[in-house]
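Keep in mind that this is a model prediction, so the values were computed, not measured.
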Amino acid sequence: MTDSLAPVLPRTAAPALSTTAGLDAWRSLTAAQQPSWQDPGVYSASVKELSSLPPLVFAGEVDVLRERLAAAAQGKAFLLQGGDCAETFDGATADKISARVRTILQMAVVLTYGASLPVIKMGRMAGQFAKPRSSNDETRDGVTLPAYRGDMVNGYDFTPETRGHDASRMVKAYHTSASTLNLIRAFTQGGFADLRLVHHWNKGFTANPAHSRYESLAREIDRAVRFMDACGADFEALKRVEFFASHEALLLDYERALTRIDSRTSLPYDTSAHFLWIGERTREIDGAHVDFLSRVRNPIGVKLGPSTSGDDALALIDKLDPNREPGRLTFITRMGAQNIREKLPALVERVTASGAQVLWVTDPMHGNTVTSPNGYKTRNFDDVIDEVRGFFEVHNALGTFPGGLHVEMTGDDVAECLGGADPIDQDAFIERYESVCDPRLNHMQSLEMAFLVAGALSKS
């Protein structure tokens, strides 16, 4: 991780025009879901500071991820992407970060065995501080204030002072992301990710009688690990794993300020994360988000809902991946359990017929959001799993590769999604519902999903 990247806005000399050409074209386009910064002076100072700070990730790491995703697009690897719906500054503690990383590593061990393929580990972490909202405002007891848009924009407390759009929060998001990435790198390179240790954690999951049906798969993994140990496998190498950071590239002021020019290639990289995605609400083909991300070298994802047409998908490919580069573009489908088997096939067939080689990933969370009888935003675990099953069924029927899983999850013992083998009911929400935005799978539900997906992968 020693790539040298020159800032886009160096203090002494401007970069060559060719390196930054077009990076600000988005400013003349429609940019949905952007804040209304309340203090122009604070905004200018914050952007200037962000533009001069070191990159959070490095161009060489981004290039490695693109190669890994290219393998997944060709059916030679599988992507696991998980983390908070919306990170918070207060939630960036060592305990919470380690629990999230630990859960992703536990899921990855199970998926690796089920798929007999490498699993690319990616967190919705170290940057997922902004969220799109369906309404600009929120009203409580006759009082209307700006909606909460994530800690990068405003605070969750319902007060006029907290809900104002404060650009200095972008700088705090940068520093919180930097400390999160430092801790992730320490965990994943310092022995925390040792295969034997991670597998031992999973034994606790299967020891629960509610999860006994997964015990046979856990025993198979145990035998495989012991066999590798007996054969003298290099467990020193297996103590370290690659772990990549991702978030929705929603706030274009932040993404542009953290874009740097790689000194090796003179190409722009958005160094706020390794992988960035465009949401369902901001994927307009002529919009600012698609234009900006079409100009950086990071691998890009796009969320596709049930209204997505084949023409939409092909237009996005032409704009974001004109050179048809494997690993460049990921389509993350969020159809809902009731739509996945009906809507996805035509989309996959149209893209496949075009010759484009995108990576297909399922997001089974966002299309399955409901309100519980006692008023909490939630998801039913059975619906989430049914969408995953439908995703695999469609790809298996078409002969294409179901290449990844994108989930909102936490390593904590929260109660936000209903169901699971050790079921969560709505009464548990009163004491254990913690999310500031969307409901997440808890630690046990996340592992249960991994075991179920491992079974689907072994069949496909």
Side-chain angles (χ1 to χ4, degrees), residues 5-17 19-59 62 86-87 89 92 126-133 136 146 148-155 161-181 245 247-262 267-274 276-279 282 287-298:
L5 292 119
V8 169
L9 301 174
R11 297 176 182 176
T12 53
L17 257 183
T19 61
T20 57
L23 285 177
D24 289 300
W26 64 270
R27 298 185 188 277
S28 64
L29 303 174
T30 300
Q33 299 284 337
Q34 299 306 287
S36 300
W37 301 118
Q38 57 188 359
D39 189 325
V42 172
Y43 165 77
S44 297
S46 299
V47 170
K48 182 178 180 181
E49 183 175 354
L50 286 170
S51 299
S52 64
L53 287 168
L56 288 171
V57 303
F58 302 99
V62 174
E87 292 178 285
F89 297 152
Q128 186 60 15
F129 291 108
K131 291 292 290 184
R133 303 316 298 260
N136 288 326
Y148 173 64
R149 288 187 171 272
D151 276 14
M152 191 185 286
V153 178
N154 55 3
E161 297 77 18
T162 303
R163 287 296 179 95
H165 294 181
D166 179 2
S168 69
R169 285 175 167 270
M170 290 193 291
V171 179
K172 187 169 184 179
Y174 168 91
H175 290 294
T176 307
S177 298
S179 61
T180 299
L181 281 168
H247 63 258
E248 180 177 357
L250 188 64
L251 266 62
L252 292 175
D253 288 322
Y254 182 78
E255 305 303 337
R256 175 63 181 93
L258 283 171
T259 299
R260 305 285 183 266
I261 303 304
D262 179 19
L267 295 173
Y269 286 72
D270 185 338
T271 66
S272 70
H274 301 103
L276 301 156
W277 76 83
I278 303 167
T282 53
H289 291 82
V290 171
D291 183 88
F292 176 74
L293 290 179
S294 73
R295 301 175 187 275
V296 296
R297 280 292 292 153
N298 305 63

Identify the heavy atoms of Met152 and Phe89 that sit nearest to each other, and give their distance. N-CZ, 4.2 Å
For Val42 versus Ser168, what's the shortest heavy-atom pair and its separation? CG1-N, 3.6 Å
Can you tell me how far apart CZ (Phe292) and CG (Leu23) are? Round to the nearest 0.5 Å. 6.0 Å
Which distance, rounded to the nearest 0.5 Å, do you find between the CG of Asp262 and the CZ of Arg297? 10.0 Å
Partner residues of Asp151 under the salt bridge (Lys or Arg N to Asp or Glu O under 4.0 Å) criterion, sequence neighbours left out: none
What I'd like to find out is whether the side chain of Phe129 reaches to under 4.5 Å of the side chain of Glu87, using heavy atoms alone. yes
Salt bridge (charged side-chain N to carboxylate O under 4.0 Å, His left out): pairs with one or both residues in residues 162-179, sequence neighbours excluded: Glu138-Arg163
Looking at residues at least two apart in the chain, or sitting in another chain, which of them share a side chain to side chain donor-acceptor pair (under 3.5 Å) with Thr162? Thr159
Ignoring hydrogens and angles, tell me if any N or O in the side chain of Thr282 forms a donor-acceptor pair with the backbone of Ile278 under 3.5 Å. no
Closest approach of Ala273 to Val62 (non-hydrogen atoms, all atoms of both residues): O-CG2, 4.4 Å
What's the shortest heavy-atom distance between Ser177 and Gly127, and which atoms? OG-N, 3.5 Å
Does the side chain of Lys131 reach to within under 4.5 Å of the side chain of Val153, using non-hydrogen atoms? no
Taking every heavy atom of Pro146 against every heavy atom of His165, the minimum-distance pair comes out as CB-NE2, 4.0 Å
Name all residues meeting the side-chain contact (heavy atoms from CB on, under 4.5 Å) criterion together with Ala178; count only those two or more places apart in sequence or in a different chain, and write none if there are none. Leu56
Which atom names give the shortest non-hydrogen contact between Val57 and Asp270, and what distance separates them? CG2-O, 4.4 Å
Taking Gln128 for the side chain and Glu248 for the main chain, is one N or O donor matched with an acceptor at less than 3.5 Å? yes
Counterpart residues, salt bridge (Lys or Arg N to Asp or Glu O under 4.0 Å), relative to Arg133 (two or more places apart): none
Without swapping roles, check the side chain of Ser294 against the backbone of Asp291 for a donor-acceptor pair under 3.5 Å. yes
Phe58 and Thr271, any side-chain heavy atoms less than 4.5 Å apart: no
Provide the full list of side-chain hydrogen bond (donor to acceptor under 3.5 Å, both in side chains) pairs with a residue in residues 26-40, sequence neighbours left out, each pair given once. Asp24-Arg27, Gln33-Arg149, Gln34-His289, Trp37-Asp253
Return the set of residues passing ring pair (Phe, Tyr, Trp, His ring centres under 6.0 Å) with His247 (not counting sequence neighbours), or none when no residue passes. none
Are the side chains of Glu49 and Leu53 in touch, meaning some heavy atoms are under 4.5 Å apart? yes
Listed by chain and number, what are the ring pair (Phe, Tyr, Trp, His ring centres under 6.0 Å) partners of Tyr254, not counting sequence neighbours? none
To the nearest 0.5 Å, tell me how far Asn154 CG sits from Tyr148 OH. 7.5 Å
